[in-house]
Amino acid sequence: MRMANNPPAVVMKAFTWAYEELRLTTLEAAQLLGVSENALKETSLVGFESTSDESEIQIAFIRMYHLLYAMSDGDTEQMIGWFNRHNPHLGAIPKDACHNLAGVNYVSDYLESEQKEKPVAPPSFMIPGQPKKPIRKVALRR
């Protein structure tokens, strides 16, 4: 999945946020991208060229992170627990599966399939029978 028009620095910032939130080390993140830890640190402010393999892996990891975030309702501890625990449906620990682009996409595909199976409850303002908030009229000054 290649996405153009993403400034490399923005992709790098989002990738850094995602891997730090899941408690990956800089070394683990660098290994995922197939670069040295030094190379990752040197590009931390500018990012990788948007057409590079590193950028493609970063975007896939960010997607996986967002799917996991949605599945856990943003609960960081739940996300970390899931990411580091053996998943029988994946046949692996998700963190261990995410060692290259194919592994990240494998985990993302699983998360996406889980999300499609989970029924989405309508917001409370759309549920019939819910009391409606009265509209408050405000006098405008002239």
Single-linkage hydrophobic cluster Leu27~Phe48, side-chain heavy atoms < 4.5 angstrom: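 Result: no, two separate clusters.
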ILVMFWY network linking Val10 to Ile57, side-chain heavy atoms under 4.5 angstrom: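 Per the 4.5 Å side-chain linkage, Val10 and Ile57 are not co-clustered.
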Pair Tyr19 + Phe61: ring centers closer than 6.0 Å: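 No - the distance between ring centres of Tyr19 and Phe61 does not fall below the 6.0 Å cut-off.
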Using atom types as modelled and distance alone, determine if a side-chain donor or acceptor of [X] lies under 3.5 Å from a backbone N or O of [Y].
X      : Y      : value
Arg85  : Gly81  : yes
His99  : Asp96  : yes
Ser36  : Ala39  : yes
Ser108 : Asn105 : no

Val11/Ile62 under side-chain contact (heavy atoms from CB on, under 4.5 Å): CA gap, chis, key distance, verdict: CA-CA 8 Å; Val11 173; Ile62 294 163; 4.2 Å; yes
Starting at [atom1] of [X], measure out to [atom2] of [Y] and round the result to the nearest 0.5 Å.
X     : Y      : atom1 : atom2 : value
Asn84 : Lys95  : CG    : NZ    : 5.0 Å
Leu68 : Tyr110 : CG    : OH    : 11.0 Å
Asp75 : Asp73  : CG    : CG    : 8.5 Å
Leu24 : Gln31  : CG    : CD    : 10.0 Å
Leu67 : Met79  : CG    : CE    : 10.5 Å
Leu22 : Phe83  : CG    : CZ    : 5.0 Å

What are the two closest heavy atoms between [X] and [Y], and how far apart are they?
X      : Y      : value
Pro8   : Ser50  : CG-N, 4.2 Å
Gly103 : Asn100 : N-OD1, 2.7 Å
Ser44  : Met12  : O-CG, 3.4 Å

Residues Val104, Leu32; criterion side-chain contact (heavy atoms from CB on, under 4.5 Å); working and verdict: CA-CA 9 Å; Val104 173; Leu32 167 62; 3.8 Å; yes
Any side-chain heavy-atom pair of Ser72 and Trp82 under 4.5 Å: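 The answer is no; the side chains never approach within 4.5 Å.
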Flag side-chain contact, heavy atom, 4.5 Å: Phe15 against Ile59: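 They are not in side-chain contact.
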CA sep, side-chain torsions, deciding dist, call: Glu49, Ser55, side-chain hydrogen bond (donor to acceptor under 3.5 Å, both in side chains): CA-CA 7 Å; Glu49 190 174 322; Ser55 182; over 6 Å; no
Salt bridge Arg23-Glu28, side-chain N to carboxylate O under 4.0 Å: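 Salt bridge: no.
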Within 6.0 angstrom of Tyr69 OH, more than 12 heavy atoms from elsewhere: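 Result for OH/Tyr69: open.
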